[in-house]
Amino acid sequence: GIDAPAVDQLCIDEHADVWTCGMEARDQLSKLIGGKPVHCDDIGVDPTYKKRRLGVCKIEGDPTNLSQVLVQKGYALNVETSATGRFKPDEATARDNRAGLWKGCFVAPRDFRAARKDGALLGNACPANRDTQIRDALFPADLPMPASCNIKGKYAVRARVTGNVGIYHLQACRSYPGLSNPDRWFCSEEDAQAAGFRRAYNCRPPKGK
């Protein structure tokens, strides 16, 4: 029922500086969990990315919904289609308090994942006279690699043949060294596949292995 930034998403802070909001959102979730066991109830397939599933997750023995807490802290957005607006009050409070992502300027995580550079700018620090500069910063030509997330992703029309939006390349792939300026970075193949990317064909292991 929420939409949180991918680890490679960038945002603008209240001082107009670029910050790695996706990594910060991930770190905030890790702090909330604190190494405790988590239980997730599967509520079905994501209507946009079929290899991704939606769920409601709570720390074992704690009734608190982790999704709701992330929205309250400003590190995730309410998703109307899957949450029927149940976290809208939490999102409004986070926005009014300039919490998390809302302190600066950003695009919705779904717009970042879709490379929708003309998506709505959100947050409390999005001056209209800097629209072009902000979008260039949020979607840089050379997207920095998050620590330990070295799988390169590139949007590709030919990937649509297999129902995907792009192709990912592992370090062991022949195509990896020559692929400059990736559109996305992923920490695991599961992350890449959940985002709608398929593995590059030159990464496939030889037959019989």
Side-chain angles (χ1 to χ4, degrees), residues 2-12 17-30 40 42 44-55 57 70 75-77 79 101 105-119 121 132-209:
I2 65 169
D3 196 17
V7 292
D8 55 341
Q9 182 168 347
L10 301 176
C11 299
I12 304 293
D17 294 322
V18 175
W19 67 297
T20 53
C21 56
M23 294 184 68
E24 179 63 23
R26 180 193 63 183
D27 292 345
Q28 286 291 325
L29 179 58
S30 295
C40 294
D42 190 334
V45 176
D46 187 317
T48 304
Y49 300 106
K50 303 302 181 185
K51 292 185 179 180
R52 185 167 141 185
R53 302 194 68 83
L54 303 176
C57 297
L70 281 178
Y75 287 101
L77 305 184
V79 178
L101 309 177
C105 189
F106 64 102
V107 295
R110 62 179 178 274
D111 286 339
F112 173 78
R113 290 193 298 270
R116 196 171 293 121
K117 299 181 181 181
D118 60 350
L121 294 179
T132 299
Q133 295 94 321
I134 289 173
R135 293 181 188 279
D136 287 344
L138 297 179
F139 295 93
D142 189 11
L143 185 68
M145 184 189 82
S148 303
C149 299
N150 56 25
I151 298 176
K152 297 178 180 179
K154 198 76 175 174
Y155 294 108
V157 174
R158 65 181 183 277
R160 297 176 188 171
V161 175
T162 52
N164 295 285
V165 299
I167 299 170
Y168 68 86
H169 306 256
L170 305 171
Q171 285 185 312
C173 303
R174 294 194 304 275
S175 53
Y176 190 92
L179 181 62
S180 58
N181 300 329
D183 299 313
R184 296 291 312 277
W185 290 98
F186 300 106
C187 304
S188 69
E189 289 194 74
E190 290 78 12
D191 289 345
Q193 292 166 8
F197 286 68
R198 69 159 173 81
R199 187 193 292 181
Y201 289 139
N202 62 36
C203 297
R204 296 188 181 280
K207 290 183 179 181
K209 291 190 178 181

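Closest non-hydrogen pair, Y168 versus A192, comes out as CD2-CB, 3.5 Å. The minimum heavy-atom distance linking L10 with A137 is given by the pair CD1-O, 3.9 Å. Heavy-atom minimum distance, A141 versus N181: O-CB, 3.4 Å. Residues A147 and M23 come closest through the heavy atom pair N-CE, 4.1 Å. Closest approach of V165 to A195, counting heavy atoms only: CG2-O, 3.7 Å. Considering every non-hydrogen atom in both N150 and Q171, the closest pair reads ND2-OE1, 3.2 Å.
Proximity of L77 to P109: side-chain heavy atoms (C-beta onward) are separated by under 4.5 Å at one or more points.
Distance check: H169 NE2 to Y176 OH gives 10.5 Å after rounding to the nearest 0.5 Å. If you take OG on S175 and NZ on K154, they are separated by 12.0 Å, rounding to the nearest 0.5 Å. Within the model, atoms CG of D183 and CZ of R113 stand 15.0 Å from one another, a figure rounded to the nearest 0.5 Å. To the nearest 0.5 Å, atoms CG (D8) and CG (L143) are separated by 5.5 Å. Rounded to the nearest 0.5 angstrom, L170 CG and F186 CZ are separated by 11.5 Å. For the atom pair CZ (R198) and CZ (R158), the distance works out to 6.5 Å, reported to the nearest 0.5 Å.
At distances below 3.5 Å, not a single donor-acceptor pair connects side-chain atoms of E189 with backbone N or O atoms of I151. Under a 3.5 Å cut-off, the side chain of R135 and the backbone N or O of G119 do form a donor-acceptor pair. Put simply, the side chain of K152 gets close to the backbone of L179: a donor and an acceptor are under 3.5 Å apart.
For R160, there are no salt bridge (charged side-chain N to carboxylate O under 4.0 Å, His left out) partners two or more places apart in sequence or in a different chain. Checked against salt bridge (charged side-chain N to carboxylate O under 4.0 Å, His left out), D191 has no partners two or more places apart in sequence or in another chain.
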Next item on the list: Tell me, with the steps shown, if V18 and I12 meet side chain to side chain contact (heavy atoms under 4.5 Å, CB included).
Entry: CA-CA 5 Å; V18 175; I12 304 293; 3.8 Å; yes

Next item on the list: Apply the test side chain to side chain contact (heavy atoms under 4.5 Å, CB included) to residues V107 and Q9: give CA-CA distance (whole Å), side-chain angles for both, the deciding distance (0.1 Å), then the verdict.
Entry: CA-CA 9 Å; V107 295; Q9 182 168 347; 4.1 Å; yes

Next item on the list: Begin with the C-alpha distance, continue with both residues' side-chain angles, and end with the deciding distance and a verdict on side chain to side chain contact (heavy atoms under 4.5 Å, CB included) for R116 and F139.
Entry: CA-CA 9 Å; R116 196 171 293 121; F139 295 93; 5.7 Å; no

Next item on the list: Go through C11 and C105 one step at a time and tell me if the disulfide bond (SG atoms under 2.5 Å apart) criterion holds.
Entry: CA-CA 6 Å; C11 299; C105 189; over 6 Å; no

Check: Checking side chain to side chain contact (heavy atoms under 4.5 Å, CB included) for the pair Y75/L29: CA distance, chi angles, key distance, verdict?
Finding: CA-CA 9 Å; Y75 287 101; L29 179 58; over 6 Å; no

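Relative ring orientation between F197 and Y155 is described as tilted, the plane-to-plane angle lying within the 30° to 60° band.
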